[in-house]
Amino acid sequence: MKSLNLDIIFPWEIGLILALIGMISIIIGVIQSKKKIDDFDKFFLIKPTTKILFGGILCLFGCIQMLPLLK
């Protein structure tokens, strides 16, 4: 059986928190991307696509940290 050669860095609890933060970030990014912005003075510092990208990376990293729960 081949291994993915992935190691965990944090305990699974931290991985769960990272995955939840990533999901929240993705949801906020999707909601923000649906809004039409007329005034650029009210524009947030981070674009919606950046929130979705970083949220996806956090979800992936969090899921990798939770791999020991499968054993």
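This chain uses plain numbering: 1 for the first residue, then up along the sequence. Keep in mind that the numbers below use all heavy atoms, side chains included, and drop hydrogens, waters and symmetry copies.
Gln32 CD to Lys47 NZ: the interatomic distance, rounded to the nearest 0.5 Å, is 11.0 Å. The structure places NZ of Lys51 at 10.0 Å from CD1 of Ile31, a figure rounded to the nearest 0.5 Å. The line from CD1 of Ile57 to CD1 of Ile26 is 10.0 Å long, rounded to the nearest 0.5 Å. Taken to the nearest 0.5 Å, the CD1 atom of Ile52 stands 11.0 Å off from the CD1 atom of Ile28.
More than 12 heavy atoms of other shown residues, nucleotides or ligands fall within 6.0 angstrom of atom CZ in Phe61.
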TODO: Given side chain to side chain contact (heavy atoms under 4.5 Å, CB included), test Ser25 with Leu58 step by step and report yes or no.
DONE: CA-CA 9 Å; Ser25 176; Leu58 276 177; 5.6 Å; no

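Counting all heavy atoms, side chain and backbone alike, Met23 lies closest to Cys59 at N-SG, 3.4 Å.
Thr49 places none of its side-chain heavy atoms less than 4.5 Å from the side chain of Leu53. Taking 4.5 Å as the limit, some side-chain heavy atom of Ile14 sits within range of a side-chain heavy atom of Pro11.
Cluster note: Leu69 groups with Trp12, Leu16, Leu20, Met66 through ILVMFWY side-chain heavy atoms spaced under 4.5 Å, whether in direct contact or through intervening members.
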